[in-house]
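Reminder, nothing fancy here: chain letters follow the sequence lines and each chain counts from 1. Just so it is clear, the values below take in all heavy atoms, side chains as well, and ignore hydrogens, waters and symmetry mates.
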Amino acid sequence: MKKELAKKYNPKDFEERIYKYWNENEYFKADPNDEKEPFTIMMPPPNVTGNLHMGHALNNTIQDILIRWKRMDGYEALWLPGTDHASISTEAKVVAKIRSKGKTKEELGREKFLEEAWDWTEEYGGNIRNQLKKLGVSCDWSKERFTLDEGLSKAVEEVFIRLYEKGLIYRGNRIINWCPSCRTAISDAEVEHKDSNGKLWHIKYPVKDSDDFITIATTRPETMLGDVAVAVHPEDERYRHLIGKKVILPLVNREIPIIEDEYVDMEFGTGAVKITPAHDPNDFEIGLRHNLEQLKIMDDDAKINENGGKYSGLDRYEARKEIVKDLKEQGYLIEIEDHDHSVGHCERCSTVVEPIISKQWFVKMKPLAEPALKAYKEGKFRFIPERFGKIYVHWLENIRDWCISRQLWWGHRLPVYYCKDCDEVMVAREMPKACTKCDSNNIYQDPDTLDTWFSSALWPFSTLGWPEDTEELKYFYPTDVLVTGYDIIFFWVVRMVFSGLEHMGDIPFKNVLINGLVRDSQGRKMSKSLGNGIDPLEIIDKYGADALRFMLVTGNTPGNDMRFHMERVEASRNFANKLWNASRFVLMNLEDDIVSEEEAQKYMEEEDKWIISRVNNITKEATENMNKFELGIAAQKLYDFIWSEYCDWYIEMVKPRLYGEDENSKNTARYVLLTVLKDILKLLHPFMPFITEEIWQHLPNTDGSLIKAKWPQYQEEHNNDKAEREISFIMEAVKNIRNIRAEANVAPSKKAKVIFVTTDEEIKSILDNGRNHFANLAAASDIEIRDNKEGIGEDAMSAVVEACEIYMPLEELVDIEKEIERLEKEKERLEGELKRVNGKLSNEGFVNKAPEHIVEKEREKKKMYQEMMDKVLERLEALKSKK
RNA sequence: GGGCGCGUAGCUCAGCUGGGAGAGCAUCUGCCUUACAAGCAGGAGGUCACAGGUUCAAGUCCUGUCGCGCCCACCA
């Protein structure tokens with residue numbers, strides 16, 4: 001006999017100890033194994049310096065459930081963890097730290113800055129790992145990777161060089177999104193568009209050598225400093241006569257041409273557009289078409305530069321104010337119109353992004369996007385739920401080249417070298433000794449680093465050793481499931497797919513399971529600025545990791561957001577408590593020797609067969625739902641079964657046997673209690689790993705960890721329709737008796753006589769077999785089963801279950817008025833049911849077209865309701881006539 | 001401008017491929033019954049947003065309307 005379970009369920013007593021036990025025994029390790037099928041999940045790497053938030057908790061709980069389940073189900077299940085260097089976000093933190101010491105990163109210099117950044121990483125990098133462990137994640141820590149570690153950096157470099165050599169990476173002067181606060185270029189995906197109430201300034205530009213003028217409209221008047229043309233639509237009658245003429249740019253007094261271009265929308269604004277190729281993506285394109293100058297008027301910190309004349313040195317918004325003022329004073333400003341439009345903000349720091357021309361590195365996307373689209377459309381991988389595939393397709397179909405260079409220091413430095421003497425560009429694995437063109441050795445490396453997502457895009461294979469052709473790569477790639485939030489489908493999912501296809505020649509994953517956001521109880525996003533975030537660690541501390549995990553996964557469906565309610569955590573904790581106590585009950589009733597299955601079979605009662613049949617069906621249903629990634633439904637089914645069937649009914653039914661004298665019956669009950677509990681623990685383990693393991697360790701005949709236990713399989717021979725029918729009938733009858741007792745206020749302890757009246761032989765036998773249950777569960781004494789109701793007076797309360805009447809002669813306790821009321825209500829209910837059933841059955845369409853088994857079911861119902869109705873009516877009449 | 005999601009019991013949400021409306025919490029009644037008061041037993045509470053349509057049958061499929069939310073977009 002093993003040691004007893006603690007009297008109270010207190011997750012703090014064992015969660016940490018159990019995690020250590022798993023980890024030290026290397027139960028999470030997975031390695032290439034020819035005897036098993038692989039099952040792989042790559043953990044979306046959290047920011048290395050980040051802290052665990054609810055989103056992580058949800059995301060990793062889902063992954064852990066899947067991986068634990070598959071591991072038990074016989075797969076070589078690898079869940080590979082890791083962290084992301086998060087270039088822009090980590091750099092910002094380190095910069096802030098340096099600033100607090102009164103220095104700038106430039107003053108510190110690149111080398112020292114990186115030292116600081118590595119220190120920072122080491123200091124905070126362990127946090128998230130330990131926090132994940134508290135959640136119970138069963139990932140293979142021996143394979144943990146970091147996007148900036150040596151191997152992954154090698155992969156990044158290799159990819160850059162290969163794409164460059166293929167002509168898929170190029171350097172160009174193009175319009176990019178510039179964040180003046182982060183002082184770096186960012187990609188389109190990193191720009192967050194927000195609607196804002198802006199203005200449309202109408203400004204007139206005088207036509208040279210004429211009194212005429214042309215009015216343009218702009219939302220960013222300050223950019224006029226960089227205007228090099230005014231464009232109108234070729235078919236616009238209003239302006240046709242002006243095409244080819246010049247205008248004098250106000251305030252600047254520069255002569256610029258009026259050109260024609262089809263891009264211009266005649267309906268919008270005034271139909272005339274100022275063209276600023278250096279500061280607007282459309283203007284940039286027009287500029288190229290018309291061979292216009294690209295006049296840059298802003299610095300990296302969004303101040304007007306030397307090209308801005310008297311405005312130079314002003315911040316962009318100060319300049320705007322000044323320019324508008326001057327235009328007004330000089331009579332050029334015609335109108336200020338309210339104009340709502342959307343403005344791009346830096347996703348990271350919320351600063352308004354400035355479209356600006358800049359020499360950056362880009363990935364040519366079209367050739368990479370096409371195979372990625374094809375793979376999805378051919379069903380090589382899928383989204384769960386399906387609808388997120390649309391986001392994927394839409395993004396890829398409208399993709400533009402990806403700006404990958406960042407003016408940051410924390411990240412993978414571009415393997416690009418320049419010759420100072422002849423400006424030759426060299427892309428190489430190592431710094432060239434001499435310029436390949438002019439032989440100069442005046443060479444320097446590009447100071448820029450790569451977009452963080454450039455390395456994340458390689459995660460599914462770089463983590464397995466690519467570009468080396470490792471055993472791990474061959475065995476575990478492609479991975480099976482990617483679990484992630486919908487917010488990074490285009491940041492990450494898209495890029496992993498085209499990277500996998502390009503470099504591995506295969507998709508990176510077969511399923512993309514999308515999880516929603518965890519919001520606060522009012523439905524708001526949890527955010528630092530709102531201060532409404534709930535710390536998963538606090539929840540774990542108070543309620544245990546199992547409760548948090550269970551809460552996160554129930555009542556939720558893939559892809560949908562959920563709200564965090566403390567009451568739901570409590571409910572999950574209560575469920576864990578229930579399981580704990582049920583297990584304690586089982587344990588305290590076991591003896592050292594558990595009888596064999598064969599022995600138990602000989603003495604099984606109906607309730608034993610019933611619960612075995614039930615757990616068998618639940619196994620099937622739970623597994624089916626998990627196969628569909630419906631973890632919430634699977635969890636709910638387990639919850640209902642454990643609480644409402646195993647605990648509420650089976651344990652209660654079996655108590656008299658455990659306390660009785662019949663050793664065979666007792667041992668059989670023990671055997672069944674334990675066997676079913678073991679299945680329960682196995683099925684629940686992926687969801688609640690700690691409590692199930694802790695209980696498992698206390699059960700007899702359990703060698704080693706529950707992690708190693710075999711996932712239960714559905715077994716046809718355990719199905720028992722007869723037992724299910726009998727026990728559910730008994731349960732119905734017990735409920736009715738309890739109901740009568742409650743309504744008549746019969747104290748629970750008080751024994752009461754129960755008379756069953758039925759002519760149905762099957763029911764009679766069920767009732768006869770169930771005598772003990774009625775005594776035990778409904779405190780019924782003197783159970784009588786007969787086929788007529790002679791002699792039962794009006795001083796009894798009654799109920800009807802199928803073809804069986806139940807009478808409880810309660811004499812003075814019976815209030816006839818109340819009893820009539822009860823029966824009237826029952827009559828009403830039956831009338832409703834009969835009306836519905838009759839309606840269906842009298843409908844020719846239904847009888848002819850509905851499947852036979854559905855029609856048959858309705859016929860049976862009709863018969864049953866009719867019989868019940870007859871009995872209720874008879875009883876009512878008898879009572880009324882006696883009154 | 002385009003796309004998507006949601007609207008089911010007082011609250012938070014399940015309800016998968018159409019075939020008798022569910023859970024948790026809250027509420028009401030009775031119970032500290034030696035596994036569990038973090039519990040047990042019993043009860044009340046819903047024209048499944050609205051309007052059409054398809055179907056023998058619609059919370060479930062289609063169309064439209066209203067309300068809430070989200071995403072995308074080079075609307076000077």
Taking the minimum atom-to-atom distance to the side chain of [X], which one of [options] wins?
| X | options | value |
| --- | --- | --- |
| A:N581 | B:G42, B:A76, B:C36 | B:C36 |
| A:F268 | B:C56, B:C36, B:A76 | B:A76 |
| A:P851 | B:A38, B:G19, B:C36 | B:G19 |
| A:Y639 | B:A41, B:G24, B:A35 | B:G24 |
| A:N560 | B:A76, B:U12, B:A14 | B:A14 |
| A:H339 | B:G42, B:C40, B:C75 | B:C75 |
| A:W643 | B:C74, B:C40, B:A76 | B:C40 |
| A:K825 | B:G19, B:A76, B:A44 | B:A44 |

Remember a base hit wins even if backbone is also touched, and classify [X] as base, sugar-phosphate or nothing at under 4.0 Å, heavy atoms.
| X | answer |
| --- | --- |
| A:D648 | sugar-phosphate |
| A:I651 | base |
| A:R573 | base |
| A:G544 | nothing |
| A:A582 | base |

With a 4.0 Å limit, can you tell me whether [X] has a side-chain N or O closer than that to the phosphate oxygens OP1/OP2 of [N]?
| X | N | answer |
| --- | --- | --- |
| A:H341 | B:C74 | no |
| A:R568 | B:C13 | no |
| A:R738 | B:G42 | yes |
| A:N556 | B:C13 | no |
| A:N739 | B:G43 | yes |
| A:T557 | B:G15 | yes |

Margin query: Can you confirm if the NZ or CZ of A:K578 lies within 45° of the ring axis of A:Y646 and under 6.0 Å from the centre of its six-membered ring?
Written below: no

Does [N] have a Watson-Crick or wobble mate here (both distances under 3.5 Å), and if so which one?
| N | result |
| --- | --- |
| B:C16 | none |
| B:G64 | B:C50 |
| B:C70 | B:G3 |
| B:G30 | B:C40 |
| B:U55 | none |
| B:C25 | B:G10 |

Do A:K578 and B:C36 have a side chain to base donor-acceptor pair shorter than 3.5 Å?
yes

Whether the side chain of A:E652 and the base of B:A41 hold a donor-acceptor pair under 3.5 Å is what I'd like checked.
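Flag unset: no donor-acceptor pair detected.
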
Is the ring pair A:H339/A:F268 parallel, tilted or perpendicular, if the boundaries are 30 and 60 degrees?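 Perpendicular, since the angle between the ring planes exceeds 60°.
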
Parallel, tilted or perpendicular: ring planes of A:F550 versus A:F687, cut at 30 and 60 degrees: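 Ring orientation, 0 to 90° scale: perpendicular.
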
Contacts of A:A747 and A:K628 projected onto RNA chain B by closest heavy atom; the upstream (5') one is A:K628

Please figure out whether A:A272 or A:G632 has its closest RNA chain B nucleotide nearer the 5' end.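 Taking each residue's closest nucleotide, the earlier one in sequence belongs to A:G632.
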
Would you mind telling me which of A:V494, A:V393, A:L396 makes a side-chain contact (heavy atoms from CB on, under 4.5 Å) with A:Y376?
->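 It is A:V393; the other options fail the test.
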
inquiry  = Under a plain distance cut-off of 3.5 Å, with no hydrogens placed, do A:Y263 and A:D283 share a side-chain donor-acceptor pair?
reply    =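 Checked: A:D283/A:Y263 side chains show no N/O donor-acceptor pair below 3.5 Å.
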
* Identify whether the distance between the nearest side-chain nitrogen and carboxylate oxygen of A:E833 and A:K861 falls below 4.0 Å. =>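 Salt bridge: no.
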
Practice task
Identify whether the distance between the nearest side-chain nitrogen and carboxylate oxygen of A:R563 and A:D520 falls below 4.0 Å.
Solution key: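 The answer is no: the pair does not qualify as a salt bridge.
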
